[in-house]
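Below you'll find the structure, written out as structure tokens, and then a few comments.
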Amino acid sequence: MSNPFYENEYVFNVLFEAVAEGVVVVDENQTIIITNTAAEKMFGYSKKELMHKPLSVLVPKSFHKNHDSHFKNYYQHSSQRQMGQNRDLFGAHKSGKQIPVEVGLNPFEYDNKKYVMAMVIDITIRKEAELKIINLNADLEQKIGLRTNELNKTVDDLKEEIKKRNKAEAKLKKALKKEKELNELKTKFLSLVSHEFKTPLSGILNAAILIGKYTKSEMQPNREKHLSTIKNKVDYLNRILTEFLSIERLDSGKVNYKFSHFKLSKVVNEVIYNANLLLKIGQRIIYPKNIDEIDLYHDEKIIELIMSNLLHNAIKYSSENSTIGIEIKVKDNWLIMQIKDEGIGIPVEEQNHIFERYFRAENALTLQGTGIGLNIVKGHVDKFGGDISFISAKNLGTTFTIKLPLIKE
């Protein structure tokens, strides 16, 4: 079969051998018409081995089916373009190895026949370089990831350290605030002790001096009057000391409750008897007489302390000719006690502070008192799992309600 390109062989040889790219020319049947040395070297064939062979010898078998349809489509709509845009192309080496290639297609006519010239470039080195770059990028991303994790861990450690420091700082501030409060309480305590002890001690001293002046027998009533004053002042001091001891025990957690069986009426009668000694002119106490059947298993002294404190307050903060009422009942495993007075009441704006230690309402500052009694009562009630509440209005009186759970032996 004659080869039209051989008619001017010298021209073609100069043309094909002058380029570094592999050149392969095929006809409409995909038959190789001519190749240059670069193409033969690239694919490992001699010119004789490729001449008049189908183009498929240079295409990997796995691509034959798609390649045939691509070629026919290109041949029918031929134009100058790069083949395989946006996808990887491979050529088949004589050894069977696949070669990554880049192919440029150039259609042309010669002697009224159409041919396609393929410019083939072996891009193995480029692909290896790209792979190295991909691997380097992957390695870099891995290192960045590791470094990022290390930085994140460092940030997390710093956050944790800041959190610990903030916590320590808050704890220190709390401790400093507590210390400041304790110093203020100590100051209040010393002021309170000096004031509350000074007045009754002065009264005791004056009464003792006056007793010394009443030497005659007919002056016995005067002596008894001053002896009663001394007794009352000593009782008051004893109550203050008892309150201070109660505070210390509550704060230190050293309260040892002593539970025993007793009749509630016994405690009520003792509290009423002692309270009667403090009544102002015209004051009276109304209390239940039908509680003889109420037997309790509790700390008798604490029940007495709670009732005494509230009853003494009711007397102290009520005027002459007023009534103080006590109500007691047992309901649903609770001991419920109410003490109601017609006294000065507690101002609404100060009611939230009434159980705070050393707090005294503005309208009670001129009356003798320590401001710790209600704090102690609430402390004991809370320890028993009980509840203390009140309703009050200024100049209309106050009602305290105490609920204590009944304790089973």
Side-chain angles (χ1 to χ4, degrees), residues 239 242-243 245-247 249-276 284-318 323-343 345-346 348 350-357 359 361 371-393 396-409:
R239 285 200 304 275
T242 300
E243 288 179 347
L245 288 173
S246 293
I247 285 178
R249 287 169 184 162
L250 282 168
D251 287 347
S252 64
K254 294 179 180 178
V255 181
N256 294 318
Y257 294 112
K258 297 179 180 179
F259 296 97
S260 61
H261 291 280
F262 60 92
K263 285 190 174 294
L264 182 60
S265 58
K266 172 177 175 289
V267 175
V268 173
N269 290 334
E270 289 178 359
V271 170
I272 298 298
Y273 176 79
N274 292 326
N276 282 331
R284 64 187 184 123
I285 302 173
I286 299 175
Y287 60 97
K289 306 292 196 302
N290 58 345
I291 57 174
D292 291 335
E293 294 182 357
I294 300 179
D295 292 314
L296 294 181
Y297 179 73
H298 222 290
D299 188 314
E300 184 176 345
K301 291 298 180 183
I302 296 300
I303 300 294
E304 182 180 347
L305 181 149
I306 292 172
M307 290 190 65
S308 295
N309 190 290
L310 294 176
L311 187 56
H312 290 172
N313 280 352
I315 293 170
K316 179 166 58 177
Y317 297 122
S318 297
T323 300
I324 297 158
I326 301 175
E327 293 184 8
I328 297 173
K329 62 182 176 180
V330 173
K331 183 179 179 182
D332 299 330
N333 294 317
W334 290 91
L335 172 64
I336 303 172
M337 299 181 289
Q338 279 192 337
I339 296 179
K340 181 179 181 180
D341 66 53
E342 300 171 347
I346 305 167
V348 174
E350 297 184 319
Q351 290 183 6
N352 288 336
H353 305 286
I354 201 66
F355 293 114
E356 294 177 7
R357 189 173 301 173
F359 176 81
I372 60 178
L374 287 176
N375 179 264
I376 292 170
V377 169
K378 180 169 173 51
H380 286 301
V381 170
D382 288 345
K383 280 189 175 294
F384 285 130
D387 178 72
I388 179 170
S389 60
F390 67 90
I391 54 173
S392 184
L396 294 177
T398 303
T399 300
F400 276 93
T401 301
I402 302 94
K403 292 179 65 178
L404 292 173
L406 296 179
I407 298 174
K408 295 181 180 180
E409 186 176 3

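Numbering of residues begins at 1 and proceeds along the displayed sequence. Keep in mind that the numbers below use all heavy atoms, side chains included, and drop hydrogens, waters and symmetry copies.
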Below 4.5 Å, heavy atoms only, C-beta onward: do Leu374 and Asn313 meet side chain to side chain?
yes

Sidechain-backbone polar pair: Ser392 side chain, Ile346 backbone, donor-acceptor under 3.5 Å:
yes

I'd like to check Ile326 versus Leu311 (side-chain heavy atoms, cut-off strictly below 4.5 Å). Are they in contact?
yes

Tested for side-chain contact (heavy atoms from CB on, under 4.5 Å) against Ile328, the lone hit among Ile336, Ile339, Ile402, Leu335 is Leu335

Can a donor-acceptor pair be found, under 3.5 Å and without considering hydrogens, that links the side chain of Asn309 to the backbone of Leu305?
no

Pair Glu342-Ser318, side-chain donor/acceptor within less than 3.5 Å
no

Could I get the full list of salt bridge (charged side-chain N to carboxylate O under 4.0 Å, His left out) partners for Asp292, not counting sequence neighbours?
none

One should read off an interatomic distance between Ile302 CD1 and Lys383 NZ, to the nearest 0.5 angstrom, of 10.5 Å

Would Glu300 and Val267 count as a side-chain contact (heavy atoms from CB on, under 4.5 Å) if you check the C-alpha gap in whole Å, the side-chain angles of each, and the deciding distance to 0.1 Å?
CA-CA 7 Å; Glu300 184 176 345; Val267 175; 3.5 Å; yes

What are the two closest non-hydrogen atoms of Glu304 and Asn274, and how far apart are they?
OE2-ND2, 4.5 Å

For a quick test of reading the model, state the closest non-hydrogen atom pair linking Thr398 to Phe400 and the distance between them.
CG2-CE1, 3.5 Å

State, with a plain yes or no, whether a side-chain heavy atom of Ile303 is found less than 4.5 Å away from one of Asp299.
no

Taking side-chain contact (heavy atoms from CB on, under 4.5 Å) as the test, write out the residues that go with Lys378, two or more places apart.
Phe355, Asp382, Ile388

Give the minimum heavy-atom separation between His380 and Tyr257, together with the two atoms involved.
ND1-OH, 2.8 Å

Side chain to side chain, Gln338 and Thr399, heavy atoms closer than 4.5 Å:
yes

Check Ala275 against Ile285 and note the closest heavy-atom contact, atom names and distance.
CB-CD1, 3.9 Å

Spatial distance of atom CG (Asp387) from atom CG (Leu404) [nearest 0.5 Å]:
9.5 Å

Steps toward side-chain contact (heavy atoms from CB on, under 4.5 Å) verdict (Ile407, Phe259)
CA-CA 9 Å; Ile407 298 174; Phe259 296 97; 3.2 Å; yes

So how far is it from Ser389 OG to Lys403 NZ, rounded to the nearest 0.5 Å?
8.5 Å

From CA spacing to verdict: ring pair (Phe, Tyr, Trp, His ring centres under 6.0 Å), Phe384, His298:
CA-CA 10 Å; Phe384 285 130; His298 222 290; 4.5 Å; yes

Ignoring hydrogens and angles, state whether a donor on the side chain of Glu356 or His353 is under 3.5 Å from an acceptor on the partner side chain.
yes

Check salt bridge (charged side-chain N to carboxylate O under 4.0 Å, His left out) between Glu270 and all other residues, then give those that pass, not counting sequence neighbours.
Lys266

Atom of Ser308, atom of Val271 and distance for their closest heavy-atom approach
OG-CG2, 3.6 Å

Separation of Thr401 OG1 from Met337 CE (nearest 0.5 Å):
10.0 Å

Kindly determine whether Leu296 and Phe262 satisfy side-chain contact (heavy atoms from CB on, under 4.5 Å), including the steps that lead there.
CA-CA 6 Å; Leu296 294 181; Phe262 60 92; 3.9 Å; yes

Mind checking whether Ile291 and Ile294 have side chains closer than 4.5 Å, heavy atoms only?
yes

Between Ile286 and Ile324, is any pair of side-chain heavy atoms under 4.5 Å apart?
no

Does NZ in Lys258 sit with more than 12 non-hydrogen atoms of other residues, nucleotides or ligands closer than 6.0 Å?
no

